[in-house]
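The sequence lines fix the lettering, A, B, ..., with proteins before strands; numbering per chain opens at 1.
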Amino acid sequence: MTLGYVLRRIIVSVPTVLLVVLMVFVAIHLVPGTAVDMMLGTQNYLTEDQIRQLYHQYGLDKPLVVQYFAWLKNTLSFNFGVSLRTGKPVLQLILSRLPVTLELAALSMAIALTLGIVLGVVSAVKRNGFIDDIIKVFSLIGISSPAFWIGSIFIVLFSGLFRGFNIFGYVPIDRDLLKNLQSMLLPSLTLGLMICAQIVRVTRASMLDVLRQEYIKTAMAKGVSRTVLIFKHALKNALIPVVTVSGIQLGYLIGGTIVIENLFALPGLGRLLLQAVNERDYPVVQSIVLFVAIMIVALNILIDFVYTLLDPRVELK
Amino acid sequence: MKRLLVAVVLFASVVLLASGKLTIAVDVEPVGLDPHLVTAFASHRILENVYDGLLRFGENLELLPNLAESYEIPDPYTIVFRIRQNVKFHDGRPLTVEDVIFSFKRILDPETKSPAAAFYQDVDSIEAVDERTVKFKLKKPMASAILPNFAGVNSSIISKKFFESGKNLQLETNGTGPFYLAEYVAGNYIVLKKNPYYFVQGQPVLDEIKFVFMPEELSRVAALKNRDVDMAKISEPLNVRQFSADKYNIFKSATLSYYLIGINTTRKPFDDPRVRNALNYAINRDAIVKTVAFGEGVVTGPMHPSIKVWALPPEEFEEYKYNPAKAKELLAQAGYPSGFEFSIVTSARYNFDKVAQVIQAQLAQIGVKVNIELVEWGIFIKRWRESDFDAFISMNSGSMEPDIQFYRHFKTGGSTNVFKFSNPKVDELLELGRSTVDTEKRKQIYNELQRLLVKESPVIFLYCANQFFVADRSVEGFKLLPNESLIFLRETYKK
């Protein structure tokens, strides 16, 4: 991978990120109800004049275009502003939530990839057999079940089963590793199993494709052992679509998984975003979206790089 | 020897009682920490344990002395508070009369934009009489009506020196309350710790309270069963039934918050009071309490029936007795013999949507077709504020004080009179009520007002739901108040 390629990709990504941010800015401002409305609720005691002052104080009385460029200008100088509702710096809010979301994403992906690839390969090798049927049913259930349902089932099964097991109450990784992993187990298992189901299907299909190819027959004819054949010759080549799917899923995980974070009371990015949207906390919403958009673009570049590792024929120009 | 043994046991039990850490799962996280600015319910629940007002509410919402050790009303225009001595803020500074005056000046300063400013808009002057006494002079003779406001979180006393040292009160706290804020991890939890300077002997009993934010009820139920938490807020009565009374302490109380149908009284056909009253007769309130709240609630009139000093019970109102025949008769008189169609705007919070569905079914029986417009909360607030509705279903926080309960909602042009309701007699009674000091006379005025409000029905009062906290058997001393306050955490302990 050349430096030139990376630079070019970064430059090309700038309009994408800006477009995403602009769209979110317009969308969140088009939704009826402003930050001031949410603040006052239906119990407000303020006069019309005081309400106008609040709009002015938060800069919400200015035209949208002015608000957008003011935000953009501040953001480009790394001033992400202050949350309208909590008064906390936005950057601090995002950075405090990011480790949770990243850890959840990493653990879920680890579970999904380990289980998904193994089951996918077994399924392809034992094609149309009894084990294949079971794996197919498993992945179909995984794909069709909503996350909140699987999560709820886990909660019901686990609560009270192992006394002292820390299902809820997130503990930061640097404070107590064991408690941290306990609180992360069920949410990452929930997400991991769902994504695993997709990876199983893609791995299976891709493996079947590769196993049909001529060079596999040649290798078999040369007497290569079955294990080496499957894991060295076939799997490596079958992984490209798996990497693509995993990349997309990882992007989704980094955006924060609102439902799972709510269910397991994890202080992640998704919950912060949901709260910010509900409260119309504009600077928080915009900065999170900007952050996630940049991460996803970076992830995509990284995935391209993984392609070259898997298949030397892929060249990044 | 025996005596010694008893003394040792007593001492040991006091020591045991006097320690402990309580973990509570709550549904919502505070939004901001400045006591003079916060409007979010969840912020109030934390801050009422960190800050103190001049007065506070007792178990039955009676007004009790707090930072003011006593008060008197020499005439309807004057309130005099005697400030308690030897009270310290969490940073160790003593509470002074200056702090009290500064707090109210800050609330009243338009720059602060405090929601409490409206409570004190008729305050003419605040002055220190001596080092222990503060006098409020009012522009109107409404000393009795204004008094409960002094017990609210938005009227907390802050430290002048702390604020003037440039601290941002939305992020940092320094009160005189039983607990100080020790740690706040956004999205995760808040830890309150015992205030060693707290002025009430023997309180708080607990060393530490940890509020864990768990938005999903299912998670709160599971966390309690799994003993991850000692206590949890449970909203749905059906979920409360999962906890047996022999294994858990179930804390339950009525709430003053009331479900209501708000009506835009300027839109046809609701500009005719007969039509509004037809809805009153056609709605079976008991059925709503049974189906939506599983019986965990009480039907209410304009004031919660438990506030016996002021409230007329719902049975007193002919209009609140389920009578579809009478409803049809009224509709026919108003010129709608075969009914009409209208929309109810509501949001899927606190079971508003379910209340709407029951009402939809009940009104269908008198030929009135209801379209339910279910919208997101922000959209609801906007439409509510702009009176952009035929009718809405929502919940209002109620008050013990009739002036607070009624004035801003029903006064012509009142700050929350989104019903666009205007009635000269109602306006007259509202003004008379707030400027009368004699309780017996006030009672007569508010009785007349309640009857008139039901007759005119800009709002159809429905019911007040019960609230629940479920705790481990070891948790004792806790009480829930009808205003949903958690101030009894200072008396709570673990066995």
At a 4.5 Å cut-off on heavy atoms, which part of [X] comes close to chain A: side chain, backbone, both, or neither?
{"X": "B/Gln121", "answer": "neither"}
{"X": "B/Leu171", "answer": "side chain"}
{"X": "B/Ser114", "answer": "backbone"}
{"X": "B/Phe392", "answer": "neither"}
{"X": "B/Ala25", "answer": "neither"}

Legend entry - Pairs where residues 22-42 of chain A contributes a residue and the test ring-ring contact (aromatic ring centres under 6.0 Å, His included) is met, not counting sequence neighbours: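 Residue pairs with at least one partner in residues 22-42 of chain A: A/Phe25-A/His29, A/Phe25-A/Tyr68, A/His29-A/Tyr282.
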
Inset, instruction - With B/Arg473 as the cation and B/Tyr248 as the aromatic partner, state whether NZ or CZ is under 6.0 Å from the six-membered ring centre and within 45° of the axis. - result: no

Inset, instruction - Determine, for A/Tyr55 and A/Lys62, whether the Lys NZ or Arg CZ falls below 6.0 Å from the six-membered ring centre while staying within 45 degrees of the axis. - result: no

Legend entry - Polar side chain donor-acceptor pair, B/Ser155 to B/Asn149, under 3.5 angstrom: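 No, because no side-chain N or O of B/Ser155 sits under 3.5 Å from a partner of the opposite role on B/Asn149.
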
Heavy-atom pairs under 4.5 Å with chain A - which of [options] has more of them than the others?
{"options": "B/Lys210, B/Gln170, B/Glu29", "answer": "B/Glu29"}
{"options": "B/Val212, B/Thr39, B/Asn188, B/Asp34", "answer": "B/Asn188"}
{"options": "B/Glu217, B/Arg383, B/Met214, B/Arg220", "answer": "B/Met214"}

Inset, instruction - Check for a donor-acceptor pair, side chain of B/Thr112 on one end and backbone N or O of B/Ile107 on the other, with a separation under 3.5 Å. - result: no

Inset, instruction - For each of A/Thr86, A/Leu272, A/Leu263, tally heavy-atom pairs with chain B at distances under 4.5 Å, and name the one with the top tally. - result: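 Highest number of pairs under 4.5 Å: A/Leu263.
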
Inset, instruction - Can you tell which part of A/Arg85 gets under 4.5 Å to a heavy atom of chain B, answering side chain, backbone, both or neither? - result: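 Both backbone and side chain.
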
Inset, instruction - Check whether A/Ser96 gets within reach of chain B through its side chain, its backbone, both or neither, counting any heavy atom under 4.5 Å. - result: neither

Inset, instruction - For the residue pair A/Phe80 and A/Phe78, categorise the inter-ring angle as parallel (less than 30°), tilted (30 to 60°) or perpendicular (more than 60°). - result: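 Answer is perpendicular, since the angle exceeds 60°.
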
Legend entry - Residues that B/Tyr189 engages under ring-ring contact (aromatic ring centres under 6.0 Å, His included), provided they are two or more places apart: none

Inset, instruction - Would you mind reporting whether B/Tyr184 and A/Lys88 have side-chain heavy atoms less than 4.5 Å apart? - result: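 Yes, at least one pair of side-chain atoms sits under 4.5 Å.
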
